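These notes are about the structure you will find just below.
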Amino acid sequence: MTKYAIEAHNIVKKFGDFTALNDISLEVPTGKIYGFLGPNGCGKSTMIRVLTGLMNANEGSVTVLDLNIPKQADLLRLKIGYMTQKFSLYDDLSTRENLQFIGEIFGLSGTQLSDRINEQLQCYQLDQLSNQRVGSMSGGQKQRLSLAAATMHNPSLLFLDEPTSAVDPQSRREFWETLFDLCDQGTTILVTTHYMDEAERCHTLGIMEAGKMRAIGTPETLMSQLGAYVIEITTQHSRALKERLLAKPEVKSAAQVGLSLRVLIDKSISEPISWLTNNFSELSSGDLKETRANLEDVFVTVTGEGRQ
Amino acid sequence: MISSLIRMKAIIVKELRQLARDRITFGMVVMIPLIQLLLFGFAINTDIRNIPIGVVDQSGSTAGRVITQSVSVTQVVSITSSYATVFEAEQAITKGEIKAALILPSDLTQRITQQRVLGQWIVDGSDTMITSAIMALQTMPFTDFDFEIRPRVPKTFDVVLYYNPTRRSAVNIVPGLLGVILTMTMILFTSAAIVRERERGNLELLITTPIHSFELMIAKIVPYIFVGLIQIFIILGLGHYIFAVPINGAISQILMGSLLFIAASLALGLVISTIATTQLQAMQMTVFILLPSILLSGFMFPYEGMPVAAQWISEALPATHYMRIIRGIVLRGADLHDLWQDSLWLLAFTLIGLIVASVRFKKSLD
Ligand SMILES: Nc1ncnc2c1ncn2[C@@H]1O[C@H](COP(=O)(O)OP(=O)(O)O)[C@@H](O)[C@H]1O
Ligand SMILES: [Mg+2]
């Protein structure tokens with residue numbers, strides 16, 4: 001087993017004049033969960049499509065499971081599972097029929113197939129729904145079915161495109177438990193998301209914005225290497241203050257969180273709290289404290305450059 | 001190889017399940033042939049029957065009565081009254097009581113022996129359909145005499161009708177209708193086949209699986225072959241029992257000829273499906289093929305009468321070749337061997353269609 005399940009170098013993908021992926025390089029370690037975090041339209045799905053050979057990149061090279069993509073995409077298809085962003089199984093078939101279809105397409109048949117279907121139905125808590133038409137199922141149920149279908153043939157690499165977007169928080173938690181189970185069994189997982197809490201669970205995270213990879217690292221490294229202080233300010237006139245804070249170039253962001261303001265201040269300032277009280281007289285009486293950075297802070301800092 | 005068969009089976013089973021659950025489409029499979037058949041069979045009847053006419057028999061002879069009877073037996077006309085003079089008959093036509101009158105002159109018996117023209121029709125020419133129906137009677141032979149009466153003047157040719165001597169249009173329409181309905185349903189179903197997967201978002205998953213383009217194309221058309229066979233069964237069965245269409249050829253030949261055409265139409269539908277990006281576009285392209293298939297295939301107008309350019313288009317359409325095949329088999333008792341050119345053409349069309357569709361269907365989203 002090679003060290004990296006996916007290696008992509010300098011990928012450029014254009015749709016006409018529009019550059020959807022702008023010089024992206026990444027390496028996904030085998031057996032780990034790798035996340036793409038980014039807002040809608042930043043190119044996450046496009047990146048997955050390039051990596052799976054569904055789309056050809058204009059520039060760059062892609063190697064997935066030691067196969068040269070897109071040249072050897074046909075061979076790759078037997079080894080990967082792909083859960084598309086939009087539900088792509090058949091609404092007018094039942095749960096079992098959908099799994100049967102996917103299983104047969106991947107070459108399973110006979111008792112091997114029916115055993116595997118039963119196994120998957122049980123594993124993804126779909127046994128009660130096995131004869132129900134998929135069209136009438138809830139978002140969470142459809143999502144479990146999609147994952148069951150994507151893992152029917154025990155792929156060593158899974159692509160999951162916003163798997164939890166139509167799912168309630170409880171189901172999301174359970175879903176991630178399943179992902180860790182799969183990961184423990186040796187499956188490499190590439191997952192896209194725009195939820196911070198999900199991103200934080202990934203082993204490695206790539207933060208994307210407008211077709212560019214802004215930062216790559218483990219969530220811990222990204223948070224500890226944040227180029228800003230995080231100050232929580234509890235004060236009364238927070239809304240008016242926010243505008244005035246943002247006017248200063250040293251303030252990278254200011255966001256209302258509950259009753260307090262969460263302010264990111266550039267590391268070029270050595271004493272952020274005194275800098276704040278000096279510059280904003282009303283803060284001398286306020287409650288200011290430095291806190292630990294979270295992933296949202298990281299996201300705001302690395303993607304902020306794009307907006308300025 | 002085995003896994004290739006399993007993959008195709010998986011898609012065929014899936015398609016059949018989807019088809020069986022799509023009530024409207026499933027209903028169309030049965031309703032389209034049923035309604036079209038009844039529509040063309042009963043309503044759009046190009047036979048002219050029971051035109052009300054009068055008779056002016058000035059001869060008062062036995063021959064006159066026999067001729068009058070023979071004319072009425074054709075059922076083209078129905079004798080509603082007889083008049084003593086031509087003038088009275090003309091009046092009746094003017095009033096609209098009758099559409100035509102048959103005048104048999106007093107020297108009728110003499111004319112028969114001399115083999116001259118027997119009599120005269122005076123016709124209300126304002127409806128051309130009626131005119132041509134009566135015109136057709138001018139060459140009518142009479143066989144009820146001891147010797148046959150066949151007016152030789154002023155014709156040079158006899159028209160002798162084989163296979164459909166009573167000239168009922170249902171006999172010709174029903175087999176032709178088979179071609180039109182199969183064109184419509186077969187192309188319509190498959191033209192939506194790939195587009196629907198795209199529109200419903202199933203395609204992205206489908207193309208990340210190991211299924212090959214050619215397997216997908218074959219598996220997509222197989223279920224509809226059964227649909228086509230059901231429709232043939234409905235049309236020919238009802239045609240035979242309701243409209244008394246004779247089935248002179250072997251059933252096996254009908255099935256084989258129809259299978260060739262079904263395959264060709266399905267392949268054409270698949271090609272459309274790889275070009276269209278929405279089901280609406282697929283539908284429009286189907287109509288684009290359907291119209292010439294109705295107008296130029298020989299279903300509505302005889303091929304022989306078309307301008308050369310139209311004949312070229314006509315030759316390109318699978319429906320034209322099928323019209324020849326199915327009419328040949330059903331009405332004349334021919335077999336595919338006799339019609340090998342049309343059969344071969346359909347076969348070639350199918351193969352080319354399948355190849356074009358598989359090449360056009362790229363397992364890629366670009
Ligand atoms: N087939 C396509 N043709 C043209 N533009 C596209 C196509 N697919 C995606 N895009 C554009 O590329 C950008 C990235 O899209 P996508 O990868 O779907 O983003 P994400 O998955 O991160 O929400 C978007 O601006 C989108 O409009
Ligand atoms: Mg997306």
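We name chains A, B, ... by the order of the sequence lines, and we start the count at 1 in each one. Since the model is a prediction, treat every value here as computed from it, not as a measurement. The analysis underlying the following values was restricted to heavy atoms, covering all of them including side chains, and did not include hydrogens, waters or symmetry mates.
- Considering only heavy-atom pairs separated by less than 4.5 Å from chain A, the leading option among B/Leu206, B/Thr208, B/Ile11, B/Leu203 is B/Thr208.
- Ranked by non-hydrogen atom pairs under 4.5 Å with chain B, the options A/His153, A/Lys13, A/Met83, A/Arg49 are led by A/Arg49.
- Below 30°, between 30° and 60°, or above 60°: for A/Phe18 and A/Phe15 the angle between ring planes is below 30°, a parallel geometry.
- Heavy-atom pairs under 4.5 Å with chain B peak, among A/Asn98, A/Leu75, A/Asp74, A/Leu89, at A/Leu89.
- For B/Ile2, no part lies near chain A; criterion is any non-hydrogen pair under 4.5 Å.
- Interface summary for chain B: among A/Lys86, A/Met55, A/Glu97, A/Gln100, the most heavy-atom pairs under 4.5 angstrom belong to A/Glu97.
- Contact annotation for A/Leu76: neither backbone nor side-chain heavy atoms come within less than 4.5 Å of a heavy atom of chain B.
- Ring geometry, A/Tyr82 versus A/Phe159: the interplanar angle exceeds 60°, so the pair is classed perpendicular (tilted spans 30 to 60°).
- A side-chain contact (heavy atoms from CB on, under 4.5 Å) with A/Ile33 is found for one member of A/Ile189, A/Thr187, A/Val28 and no other, namely A/Ile189.
- Between B/Trp345 and B/His321, the angle of the ring planes stays under 30°, which puts this pair in the parallel group of the 30/60° scheme.
- For A/Ser45, no part lies under 4.5 angstrom from a heavy atom of chain B.
- Electrostatic pairing of A/Lys44 and A/Glu162 counts as a salt bridge here, judged by a charged N lying under 4.0 Å from a carboxylate O.
- Contact count against chain A (heavy-atom pairs under 4.5 Å) is highest for B/Arg21 among B/Gln18, B/Arg7, B/Arg21.
- When each of B/Leu16, B/Ile12, B/Leu266 is checked for a side-chain contact (heavy atoms from CB on, under 4.5 Å) with B/Val222, only B/Ile12 meets the rule.
- A salt bridge is defined here as a Lys NZ or Arg NE, NH1 or NH2 lying under 4.0 Å from an Asp or Glu carboxylate O, and B/Arg200 with A/Asp92 meets this definition.
- Only the side chain of B/Glu197 has a heavy atom closer than 4.5 Å to any heavy atom of chain A.
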